[in-house]
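Accompanying notes for the structure given below.
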Amino acid sequence: MLELKNVSKAYGDNTVLNNVSLNLPDGQTTVILGPSGSGKSTLLRFMNLLEVPETGALTVNGDSVTFGQRLTDAQIRSVRQHSAMVFQGYNLFPNQTVLGNVSLPPVLNGKISKDEARTRAQSYLDRVGMGDRLEEYPDNLSGGQQQRVAIARALAVEPDFLLFDEPTSALDPELAAEVTRVMVDLAQEGRSLVVVTHNIEFARTVAQRVIFLADGGIGFDGAPEDFFASDSERIQRYLSTYGG
Ligand SMILES: Nc1ncnc2c1ncn2[C@@H]1O[C@H](COP(=O)(O)OP(=O)(O)O)[C@@H](O)[C@H]1O
Ligand SMILES: [Mg+2]
């Protein structure tokens with residue numbers, strides 16, 4: 001379970017999120033939708049403290065932090081261990097091979113030996129269809145391949161929650177489709193996914209839950225079928241812009 005309670009964030013005069021609360025159970029795919037600038041990335045980054053709210057609290061599977069006070073490294077680590085992020089721009093280490101990119105993080109976390117990490121990396125790279133490119137460097141891969149390596153890297157720390165921030169937005173449709181296929185597999189396995197995307201089809205067909213951000217808060221939180229049937233003017237406007 002991942003719970004954000006009464007979190008807020010402003011940049012100067014710009015209040016991005018105002019007193020937002022949500023509660024995500026395990027084993028579901030949640031899609032976060034909303035217009036550009038509505039705070040989707042900010043909300044997602046709260047979940048593993050890449051961004052720290054000014055108020056409120058975060059609890060992930062029993063570990064909690066309260067905001068508005070200094071957080072210790074140990075507190076940050078305790079919450080962060082439960083999730084891993086996949087970014088729009090892949091963010092692979094350019095000077096590491098595919099195998100290095102996926103096997104290093106769990107070793108750096110101090111969790112497992114190098115040998116174990118390599119075996120584990122190999123199995124997750126097989127899962128995303130990149131098991132035959134172990135010695136390749138990221139620059140020699142397509143964007144879709146790099147993103148699949150990034151997904152394997154996130155899986156390799158064996159997080160409870162996988163967080164995706166517009167994972168296919170930088171990709172041509174064909175390459176986006178190969179990444180989406182991997183995500184659909186993960187969703188069908190019953191993993192806990194939180195996905196910021198403009199891929200309306202993914203929200204409609206894969207998610208169990210839609211959270212819609214608008215005007216500094218949660219404009220909708222519920223089942224996809226209810227979201228797409230909503231007669232809210234704000235939601236209708238979003239869907240007509242983003243291709244619902
Ligand atoms: N580091 C920052 N400094 C100042 N403003 C920021 C920063 N990060 C985000 N913002 C602002 O916060 C708002 C929400 O940003 P973001 O969460 O990235 O939205 P989204 O992901 O929905 O497009 C935007 O208005 C953006 O300009
Ligand atoms: Mg964003």
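What you are looking at is a predicted structure, and each value in this text was computed from that prediction instead of being measured. Positions are given from 1 along the sequence. Every number for a ligand or one of its atoms is a count from 1 in the order of the listing.
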Worksheet item: Which of the numbered atoms in ligand 1 are below 4.0 angstrom from a heavy atom of T42?
Response: 15 (O), 16 (P), 17 (O)
Item to complete: Can you figure out which of A10, G39, S41, A214 has its heavy atom closest to atom 18 (O) of ligand 1?
Response: S41
Response to the item:
Closest to atom 26 (C) of ligand 1 among protein heavy atoms sits N14 ND2, 4.5 Å
Practice prompt. Starting from atom 1 (N) of ligand 1, locate the nearest protein heavy atom and write down its residue, its atom name and how far away it is, to 0.1 Å.
Written response: Y11 CE2, 3.7 Å
Worksheet item: If we ignore angles and hydrogens, is there a donor and acceptor under 3.5 Å between the side chains of Y90 and Q145?
Response: no
Discussion item. I'd like to know if atom 4 (C) of ligand 1 has any protein heavy atom within a distance of less than 4.0 Å.
Written reply: yes
Worksheet item: Should you measure from each heavy atom of S36, which atoms of ligand 1 turn up under 4.0 Å away?
Response: 23 (O)
Worksheet entry | Minimal non-hydrogen separation, Y238 against H198, with atom names | OH-ND1, 3.3 Å
Item to complete: May I ask you to check whether Q88 brings an N, O or S atom to under 2.8 Å from the Mg ion (ligand 2)?
Response: no
Practice prompt. Using a cut-off of 6.0 Å, state whether more than 12 heavy atoms not belonging to E225 lie near its atom CD.
Written response: yes
Item to complete: Consider only side-chain heavy atoms of I, L, V, M, F, W and Y, link residues closer than 4.5 Å, and tell whether V179 and V128 are in one cluster.
Response: yes
Discussion item. Hydrophobic clustering (ILVMFWY, side-chain heavy atoms < 4.5 Å, transitive) - are F87 and V182 grouped together?
Written reply: no
Worksheet item: Counting only non-hydrogen atoms of the protein, does one fall under 4.0 Å from atom 8 (N) of ligand 1?
Response: yes
Worksheet item: Does ligand 1 have any atom sitting under 4.0 Å from a heavy atom of G34?
Response: no
Worksheet entry | Option with minimal heavy-atom separation from atom 12 (O) of ligand 1, where the choices are L17, V16, I32, V196 | V16
Discussion item. Tell me if a side-chain donor or acceptor on S232 pairs with a main-chain N or O of I235 at a distance below 3.5 Å.
Written reply: yes
Worksheet entry | N or O pair under 3.5 Å between G37 and ligand 1 | yes
Worksheet item: Cation-pi between R153 and F93: NZ/CZ under 6.0 Å from ring centre and within 45° of the ring axis?
Response: yes
Practice prompt. Report yes or no: does a heavy atom of G12 sit under 4.0 Å from some atom of ligand 1?
Written response: no
Practice prompt. Give a yes or no on whether V206 and F227 share a hydrophobic cluster (residues Ile, Leu, Val, Met, Phe, Trp, Tyr; joining criterion: side-chain heavy atoms under 4.5 Å apart).
Written response: yes
Discussion item. Using the rule that Ile, Leu, Val, Met, Phe, Trp and Tyr join whenever any side-chain heavy atoms are under 4.5 Å apart, tell me whether V20 and V194 fall into a single cluster.
Written reply: yes
Practice prompt. Could you list which atoms of ligand 1 come closer than 4.0 Å to a heavy atom of P35?
Written response: 22 (O)
